[in-house]
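Residue numbering restarts at 1 for every chain, and letters A, B, ... go by the order of the sequence lines. A quick note: this is a predicted structure, and the numbers were derived from the prediction, not measured.
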Amino acid sequence: MIPKFARECAARACELRNRDTSLPTMSDQNIFAAVLDKVRAATNALAADGMLPAGIDQSRIVVEPPRESAHGDMATNAAMVLAKDAGSKPRPLAEAIAAKLRGDELVAKAEVAGPGFINLTLKPAAWIDALRAVLTTGANYGRSDIGQGTAVDVEYVSANPTGPLHVGHCRGAVFGDALANLLAFSGFEVTREYYINDAGAQVDALARSAFLRYREALGEDIGAIPEGLYPGDYLKPVGAELATRDGASLKDKPETEWLPLVRDRAIDMMMADIRNDLRSLNVVHDVFFSERSLIEGPRDQVGETIAALRRAGYVYEGRLAPPKGAPVEDWEDREQTLFRATDFGDDVDRPLMKSDGSYTYFASDIAYHKNKVDRGFASMIDVWGADHGGYVKRVQAAVKAVRAVTQAPSAELDIKIVQLVKLLRGGEPVKMSKRAGEFVTLRDVVDEVGKDPVRFMMLYRKNDAALDFDLARVIEQSRDNPVFYVQYGHARGQSILRNAREVVADLPSEQAAARAFLLAGAPLERLEDSGELALMRRLALYPRLIEAAAIAHEPHRIAFYLYDLASDLHAQWNRGNDASYLRFIIQNDPQMTMARLALVEGVVTVLASGLRLLGVEAPEEMR
RNA sequence: GCGCUCGUAGCUCAGCUGGAUAGAGCACCAGACUUCGAAUCUGGGGGUCGGGGGUUCGAAUCCCUCCGAGCGCGCCA
């Protein structure tokens with residue numbers, strides 16, 4: 001118990017803060033970016049020496065952790081990438097660059113290896129700087145400005161408002177939400193959007209189904225729900241609500257009169273349910289965009305879009321060859337309005353008008369994406385289920401055409417396909433019968449296992465790989481269960497910080513920022529153990545990982561990183577069991593304790609940061 | 001028949017947009033609790049990256065071609 005020492009740490013932290021009052025830059029946080037700058041500086045110096053041509057292209061130079069840790073802390077391909085332009089062989093060039101790098105204050109070793117890699121080993125001070133960066137930036141560690149405020153629209157879920165969300169929708173919901181979090185953290189201006197398919201035959205079927213439930217609510221015996229309508233019980237409240245609101249007044253009207261009324265009410269109630277279900281997963285959209293509004297709003301945006309495409313020569317009247325493969329029963333060869341999708345990479349041209357004169361779904365979708373471009377989104381991301389995979393090319397084609405007619409400076413579209421989820425319980429498939437209207441809803445799953453397992457497990461897989469979700473396994477409290485393992489890592493770190501008050505009595509318990517501030521002044525140079533260095537290296541990787549995940553639109557990388565970080569922490573903990581001098585809390589050495597607490601603080605900070613991006617709780621303790 | 005997504009250890013999966021001797025977990029075998037949470041950790045065996053060509057300094061990654069799986073294939077959304 002030496003408060004005096006803690007005061008000294010605080011004083012030192014203040015001093016460190018005053019030394020650099022500017023906002024942290026990318027290189028301050030991202031040690032790989034910092035070293036890349038050093039490598040570029042070295043090549044510039046060689047250019048000044050006349051060893052390299054001036055103005056050489058440095059864009060392909062990368063600095064990355066080597067696969068083999070024996071090769072050092074990081075490796076760069078600079079010499080191999082530059083060799084061709086430099087007109088020299090990689091290895092001599094590598095030697096020259098390495099020689100320059102050896103003069104750097106953070107570089108302990110620079111060696112040329114293999115075909116021309118430069119392997120760098122950094123001095124421990126470099127990793128200590130990285131840890132200090134975690135402590136001083138706190139929850140902002142890993143945040144970057146690579147998005148530069150670019151407006152990006154992330155559209156996800158967009159399930160039909162004809163029934164409650166089922167378990168298959170979970171994955172897209174969680175993926176889209178985490179991706180949006182990640183992009184916002186990386187400096188993009190993100191809009192979270194849900195496209196409501198409230199036009200077309202399916203919502204009419206919804207209305208007819210709801211109308212039956214309405215008559216049922218009025219006491220009529222409606223018998224079985226006919227084929228083609230929605231049989232689920234979830235429409236009973238809609239019928240009851242209509243009966244309460246409208247009494248018997250709808251019952252004897254012709255369908256043309258009651259259908260729009262019933263349809264709008266049914267859609268509103270379904271969407272309210274859907275939003276509630278999404279909220280149970282902590283998924284909240286900024287914009288709910290109605291398909292119907294494209295057609296029935298003040299302007300017919302679908303008609304306008306088609307007209308604009310027609311003026312540009314992308315729409316024509318013509319005939320299509322009948323589809324190959326599975327024969328279409330009622331195929332009718334007729335002239336129709338077609339979008340010239342083949343000009344933009346699709347396989348066939350696509351119809352825009354149905355035979356009854358209404359727009360196809362695809363026509364609305366073109367108009368919808370044009371609407372996004374008109375709203376100023378330079379980047380669009382659509383998250384779809386695997387069953388819509390066949391639709392990717394035509395929408396990509398549509399966006400290219402839209403970009404051409406709007407002359408938007410940028411209109412990128414990335415379509416992320418999330419594969420299907422197989423629901424299991426203890427290894428056995430969960431049976432559900434869609435025909436009988438019985439399916440496992442999103443709400444069922446969240447109620448059974450909780451939001452955190454759902455969110456984490458849906459992200460603990462690449463989005464385009466199929467996923468088994470086992471209701472029994474995801475709530476196990478064991479290493480088999482990654483959700484638990486990572487959350488336990490955070491809880492264990494918090495437990496250490498709580499217990500540390502035995503040695504460092506005035507360590508702030510609740511305010512993480514104050515604690516981190518104090519700990520940043522600890523004598524971090526005493527962190528010399530290999531396990532401690534491994535943890536610091538892992539922490540140093542985080543900004544680079546976030547950046548790569550954001551660019552690739554792959555939030556699953558965060559989940560895997562967190563698992564690795566938690567694993568490093570658990571390993572170091574257990575090394576303290578085998579060798580007591582490696583424990584985080586050393587009773588008679590408050591200085592060492594402070595330094596190790598700083599490391600723990602850094603770990604829990606990054607675990608909490610990553611979990612927050614995934615939308616998963618970072619618990620203080622496991623109960 | 002065509003298109004899309006995949007194929008990596010016995011199983012479930014990573015592999016940082018082309019880097020070095022391909023990595024985790026489970027399972028199997030052998031070990032570590034008078035602890036700051038053993039709900040954890042340490043070590044071991046296990047591979048023709050579906051097959052075959054090509055591109056280059058270098059390929060699990062990019063191209064071609066077979067094999068196999070899932071999804072989709074006018075006027076449904």
- [ ] For B:G18, give its Watson-Crick or G-U wobble partner with both distances under 3.5 Å, or none.
- [x] none

- [ ] Check every strand shown and say whether A:R583 touches a base, only sugar-phosphate, or nothing at a heavy-atom separation below 4.0 Å.
- [x] base

- [ ] Using the C1' atom on both, measure B:G70 against B:C28 and round to a whole Å.
- [x] 31 Å

Task: Counter-base of B:G45, judged by Watson-Crick or G-U geometry with both distances under 3.5 Å - done: none

TODO: Compare the minimum distances between each of B:A77, B:C16, B:U5 and the side chain of A:N160, then state the nucleotide with the smallest one.
DONE: B:A77

- [ ] With P as the reference atom in both, quote the distance from B:C6 to B:G50 in angstrom, rounded to an integer.
- [x] 13 Å

Open item on the list: Taking donor-acceptor contacts at under 3.5 Å, does the side chain of A:N574 reach the base of B:U40?
Closed with: yes

Task: Between OH on residue A:Y542 and OG on residue A:S609, distance to nearest 0.5 Å - done: 2.5 Å

Open item on the list: Rounded to whole Å, please give me the gap between CZ in A:R394 and C1' in B:C4.
Closed with: 12 Å

- [ ] Give a yes or no on whether the backbone of A:D198 and the side-chain of A:R292 come within a donor-acceptor separation of less than 3.5 Å.
- [x] yes

TODO: Please state the P separation for the pair B:U55 and B:A14 - nearest whole angstrom.
DONE: 31 Å

Open item on the list: Suppose we define a pair by two distances each less than 3.5 Å, Watson-Crick or G-U wobble; what does B:C75 pair with here?
Closed with: none

Task: A:E64 CD - B:G58 C1' separation (whole Å) - done: 13 Å

TODO: Would you mind telling me which of B:C26, B:A20, B:G3 lies closest to the side-chain atoms of A:P66?
DONE: B:A20

Task: Protein-nucleotide distance (A:E476, atom CD; B:U12, atom P), rounded to Å - done: 17 Å

- [ ] Output yes when at least one side-chain N/O atom of A:H556 is less than 4.0 Å from OP1 or OP2 of B:G15, else no.
- [x] yes

Open item on the list: Can you confirm whether A:R394 sits close enough to A:F362 that some side-chain heavy atom of one is under 4.5 Å from a side-chain heavy atom of the other?
Closed with: yes

TODO: Among B:G3, B:G15, B:C36, find the nucleotide with the atom closest to the side chain of A:K393.
DONE: B:G3

Task: Side chain of A:Q202 (C-beta onward), nearest among B:U42, B:U5, B:C76 - done: B:C76

Task: CD-CZ distance between A:E111 and A:F117, expressed to the nearest 0.5 angstrom - done: 14.0 Å

- [ ] Tell me what A:Y361 touches on the nucleic acid: a base, only sugar-phosphate, or nothing, going by heavy atoms under 4.0 Å.
- [x] base

TODO: Please figure out whether A:F362 or A:L320 has its closest RNA chain B nucleotide nearer the 5' end.
DONE: A:L320

- [ ] Working to the nearest 0.5 Å, report the span between OH of A:Y368 and OG of A:S290.
- [x] 10.5 Å

Open item on the list: Using the side-chain heavy atoms of A:Y485, tell me which of these nucleotides is nearest: B:C16, B:U40, B:U5.
Closed with: B:U40

TODO: Give a yes or no on whether a donor-acceptor pair under 3.5 Å exists between the nucleobase atoms of B:A24, that is its base, and the side chain of A:D564.
DONE: no

Open item on the list: Among B:A32, B:C26, B:A20, which nucleotide has an atom closest to any side-chain atom of A:D578?
Closed with: B:A32

Task: Pairwise P distance for B:G53 and B:U61, with rounding to whole Å - done: 14 Å

Task: Who pairs with B:G25 - Watson-Crick or G-U, where each distance is under 3.5 Å - done: B:C11

TODO: State which of B:C26, B:U40, B:C71 makes the closest approach to the side chain of A:L420.
DONE: B:C71

Open item on the list: Which nucleotide wins on minimum distance to the side chain of A:F560, given the candidates B:C57, B:C16, B:C13?
Closed with: B:C13

TODO: Mind calculating the distance between CE (A:M80) and P (B:G18) to the nearest angstrom?
DONE: 14 Å

TODO: Name the nucleic acid region contacted by A:P65, choosing base, sugar-phosphate or nothing; use a 4.0 angstrom heavy-atom cut-off, strictly under.
DONE: base

Open item on the list: Which is more 5' along RNA chain B, the nucleotide nearest A:N463 or the one nearest A:N119? Just name the residue.
Closed with: A:N463

- [ ] For A:R538 and B:A24, give me the distance from atom CZ to atom P, rounded to whole Å.
- [x] 11 Å

Open item on the list: Is the phosphate of B:C13 approached by A:R461 (side-chain N or O, under 4.0 Å from OP1 or OP2)?
Closed with: yes

Open item on the list: From C-beta outward on A:R334, which listed nucleotide comes closest to its side chain: B:U42, B:C75, B:G15?
Closed with: B:C75

Open item on the list: Counting the atoms with a prime plus P, OP1 and OP2 as sugar-phosphate, which does A:S495 contact under 4.0 Å by heavy atoms, base, sugar-phosphate, or nothing?
Closed with: base

Task: Stacking of A:Y563 on B:A24 base (centres under 5.5 Å, planes under 30°) - done: no

Task: Euclidean distance for C1', B:G15 against B:G47 (whole angstrom) - done: 15 Å

- [ ] Kindly say if A:K462 contacts the phosphate of B:G15, meaning a side-chain N or O under 4.0 Å from OP1 or OP2.
- [x] yes

Open item on the list: Using the P atom as the point on both nucleotides, what is the distance between B:U56 and B:U48, in whole Å?
Closed with: 28 Å

Task: Pairing nucleotide - B:U40, Watson-Crick or G-U, each distance under 3.5 Å - done: B:A32

TODO: Specify the separation, in whole Å, of atom CH2 of A:W573 and atom P of B:U40.
DONE: 13 Å

Task: Distance, P atom - from B:G43 to B:C26, rounded to whole angstrom - done: 13 Å

TODO: With rounding to the nearest 0.5 Å, note down the distance linking CD in A:E64 to CZ in A:R544.
DONE: 6.0 Å

Task: Separation of the P atoms in B:A22 and B:C16, to the nearest angstrom - done: 15 Å

TODO: Pick base, sugar-phosphate or nothing for A:P351, based on heavy-atom distances below 4.0 Å to the nucleic acid.
DONE: sugar-phosphate

Open item on the list: For a quick test of reading the model: is some side-chain N or O of A:K354 closer than 4.0 Å to OP1 or OP2 of B:A77?
Closed with: yes

Task: Nearest-nucleotide pick for A:R544, side chain only, options being B:C16, B:U40, B:U17 - done: B:C16

TODO: If B:U5 has a Watson-Crick or G-U wobble mate with both distances under 3.5 Å, name it; if not, just say none.
DONE: B:A69

- [ ] Starting at CG of A:L599, measure out to CD of A:Q572 and round the result to the nearest 0.5 Å.
- [x] 7.5 Å

- [ ] Evaluate the ring planes of A:F560 and A:Y460, with Trp represented by its six-membered ring, and classify them as parallel (under 30°), tilted (30 to 60°) or perpendicular (over 60°).
- [x] parallel

Open item on the list: What I'd like to find out is whether the side chain of A:R596 reaches to under 4.5 Å of the side chain of A:E532, using heavy atoms alone.
Closed with: yes

TODO: Using atom CG of A:D365 as one end and atom P of B:C75 as the other, report the distance to the nearest whole Å.
DONE: 13 Å

Open item on the list: Could you tell me how far apart A:F117 (CZ) and B:G18 (P) are, to the nearest whole angstrom?
Closed with: 14 Å

